[in-house]
Amino acid sequence: MLCLASIGLQAASASAASYTTDPPPGVDQLQIVCSPDPDGLQSTDVMTITVTTVGGKPSRAERHLMIALKIGGWNTPGYTYTVPITLSQGASKAQVKLVYAQLARDFYWAINVQESGRSILKIYSASAMTPVHNLNNAAQPVVSVWLEWDANASGSLEQRRTPANQYAGNTSLGTIDDDVPNPRSRLSVPELPEDWRVLLGFHGILAKFERLESAKAGQLQALNEYVLAGGCLIVQGESLDQLNDVDHLLSDPSVKPSEDQPADFRWGEFPNRITKKSKRVFPDHQRSHGAGEICFVDSKAKMDDVSTRQFVGTSITEAARYSTLDDQWFWRNLVQTVGKTPVGAFIGFVNLFVGLIGPGFLYLTYRLKHRTLMLLLVPLAAAIVTLFVLIFNVLREGFDTHGRIVSLQTVDQHSRQGFVWSRQTSFSGAPPGSGLKFPVNAWVKPIDVTPTRSNWQEMASSIAEIHTASDAVLVRRWLVPRSQQQILVGHPLHDVELPFQVQT
């Protein structure tokens, strides 16, 4: 468990925050820079953490640090994300990106840095916590956030919002469009992230076909896994001949398709559904890809028109990331064989206790001619019966960890790829010290059955620690002895062998 005694609280929309370590004598002092990326909008959730030696001099020894990032909201429970980072000997800089789950629009983060089990961060005096007031907190909030993969974008993420009248009449942000039913936000980025989880918060991704052709393998894999998870990708192309190339670019690199393989037969024509105002060379096409979908539109299609996309409802990714409506799912999906009060045994022990108090103890004290022994025997018997009930319950349920998984798995039989969303319920008599283990690229979101707090003036206490290791994601301090806990998990599948064949 990481102690967050020395912390710095920062609003999520703030710029990068810098911290200085306080190491033991003879050890290089370090500068820790944390940058929320991009700017606190409800879109991507990634923190870039940079460790540099003060003055930029080479490190005299290899340093193994543990960064703890605590995320908390005004009335929501908090999580602590930990990630290891190594500053090599002779190096002056190291960097790591940490993917986390944003809890609310108004939330705060705090960091702690440990080395050899000791906090080395100086005490950072932060200003009082105040709500994050950005454009997304207007009276009419942004409903959807779209990501445009644009090579001409400058800087990090550029905000472009429409319609303009929702932000106090700021007409410089765009023009009013009568056909747009909901306000939305557009972010442009020159480089696509290589982690699908960073893309999870976007309603859809817009990209030109040439951007896919020139993309790195990691970017294509992240984009592919985002769509498999339930996202939407809209590609602007020049002709329908490029449909086959789109299929190849979004296939598993380990699966080698034939050169003359035709485009996926599932591509279907959807005229006048996406682009309504543009003069198109060919009608819009669409096909499914895992739990998501891919749309192929004319390169002349207006991007603002494309992003209105009304014919597809809320995607699985948005429901998995933002939804706080549980609808009794927690209580309907418990581990049924454990966690229940032993009513039958309890009644039996109570009857035994009543029998001892009545004829049993009365007869015993009569034979012993010491009625005052009732003052000792009655509470003693009550304590023994209570202890028996507890011991019986523990022995009946054991000390192991029990689980129940309800999952939705989608498989794309053409590319042998798929995705699994699951709601996992765990019950543990003695929680494992290492925590629950998940794949390294899994999206993990603990579900709290009481997600709100009454005292909003204090930062939420951390209810779980999510540790990112080199080969796994570990959830620690989440399982409570003899209690049912649930976690939402999503992770991609590759090179899937179906147990049946499909003929078309």
> Checking side-chain contact (heavy atoms from CB on, under 4.5 Å) against Arg423, which of Asn333, Ile447, Val489 comes through?
Replying inline: Ile447

>> By the definition side-chain contact (heavy atoms from CB on, under 4.5 Å), identify the one residue from Leu199, Asp195, Leu200, Leu192 that meets it with Tyr226.
In response: Leu199

>> Glu191 vs Gln219, test: side chain to side chain contact (heavy atoms under 4.5 Å, CB included). Steps then yes/no.
In response: CA-CA 9 Å; Glu191 288 293 331; Gln219 293 173 326; 2.8 Å; yes

>> Show, in sequence, the C-alpha distance, side-chain angles and deciding distance for Val473 and His467, and conclude whether the side chain to side chain contact (heavy atoms under 4.5 Å, CB included) test is met.
In response: CA-CA 6 Å; Val473 174; His467 178 72; over 6 Å; no

Under 4.5 Å between any side-chain heavy atoms of [X] and [Y], yes or no?
X      : Y      : answer
Leu87  : Leu65  : no
Gln31  : Ser18  : yes
Thr52  : Val33  : no
Leu228 : Thr410 : no
Pro431 : Arg476 : no
Val51  : Val113 : no
Ile466 : Trp478 : no
Val83  : Lys97  : no

The criterion is side chain to side chain donor-acceptor pair (under 3.5 Å); which residues satisfy it with [X], sequence neighbours excluded?
X      : result
Ser434 : none
Thr425 : Gln486
Gln242 : none

Separation of [Y] [atom2] from [X] [atom1] (nearest 0.5 Å):
X      : Y      : atom1 : atom2 : value
Leu223 : Leu233 : CG    : CG    : 5.0 Å
Thr86  : His64  : OG1   : NE2   : 5.0 Å
Gln484 : Trp331 : CD    : CH2   : 8.5 Å
Gln417 : Leu493 : CD    : CG    : 9.5 Å
Thr82  : Leu69  : OG1   : CG    : 10.0 Å
Leu243 : Phe209 : CG    : CZ    : 9.5 Å

>> Run the side chain to side chain donor-acceptor pair (under 3.5 Å) test on Ser407 and Gln409 for me, step by step, so that the C-alpha distance in whole Å, both residues' side-chain angles and the decisive distance to 0.1 Å come before the verdict.
In response: CA-CA 6 Å; Ser407 65; Gln409 177 172 322; 5.6 Å; no

Closest non-hydrogen atom pair, [X] against [Y]:
X      : Y      : answer
His402 : Val335 : CB-CG1, 4.1 Å
Asn441 : Pro492 : ND2-CG, 3.3 Å
Val440 : Ser470 : CG2-O, 3.9 Å
Lys93  : Thr50  : CE-CG2, 3.5 Å
Thr401 : Pro432 : OG1-CD, 3.6 Å
Val496 : Gly418 : CG2-N, 4.4 Å

>> Run the side chain to side chain contact (heavy atoms under 4.5 Å, CB included) test on Tyr81 and Thr468 for me, step by step, so that the C-alpha distance in whole Å, both residues' side-chain angles and the decisive distance to 0.1 Å come before the verdict.
In response: CA-CA 8 Å; Tyr81 293 83; Thr468 301; 5.8 Å; no

> Can you list every pair that meets salt bridge (Lys or Arg N to Asp or Glu O under 4.0 Å) and has a residue in residues 227-247, with sequence neighbours left out?
Replying inline: Asp247-Arg287

> Applying salt bridge (Lys or Arg N to Asp or Glu O under 4.0 Å), which residue pairs with at least one partner in residues 217-231 are found, sequence neighbours left out?
Replying inline: none

>> Going by side-chain contact (heavy atoms from CB on, under 4.5 Å), name the residues that satisfy it together with Leu408, two or more places apart in sequence or in a different chain.
In response: Ile316

>> Under the criterion side chain to side chain donor-acceptor pair (under 3.5 Å), I'd like the reasoning laid out for Gln95 against Thr48: C-alpha separation, chi angles, the key distance, then a yes or no.
In response: CA-CA 7 Å; Gln95 190 177 80; Thr48 302; 5.9 Å; no

> Once the angle between the rings of Trp421 and Phe419 is folded into 0 to 90°, is it parallel (under 30°), tilted (30 to 60°) or perpendicular (over 60°)?
Replying inline: tilted

>> Using 30° and 60° as the class boundaries, would you call the ring planes of Phe282 and Phe296 parallel, tilted or perpendicular?
In response: parallel

> Under 3.5 Å, side chain of Asn112 to main-chain N/O of Ala68, donor-acceptor pair present?
Replying inline: no

> Taking the side chain from Tyr19 and the backbone from Ile111, do they hold a donor-acceptor pair closer than 3.5 Å?
Replying inline: no

> Which is it for His285 and Leu240 under the side chain to side chain contact (heavy atoms under 4.5 Å, CB included) test, yes or no, and what are the steps along the way?
Replying inline: CA-CA 9 Å; His285 278 62; Leu240 294 179; 3.7 Å; yes

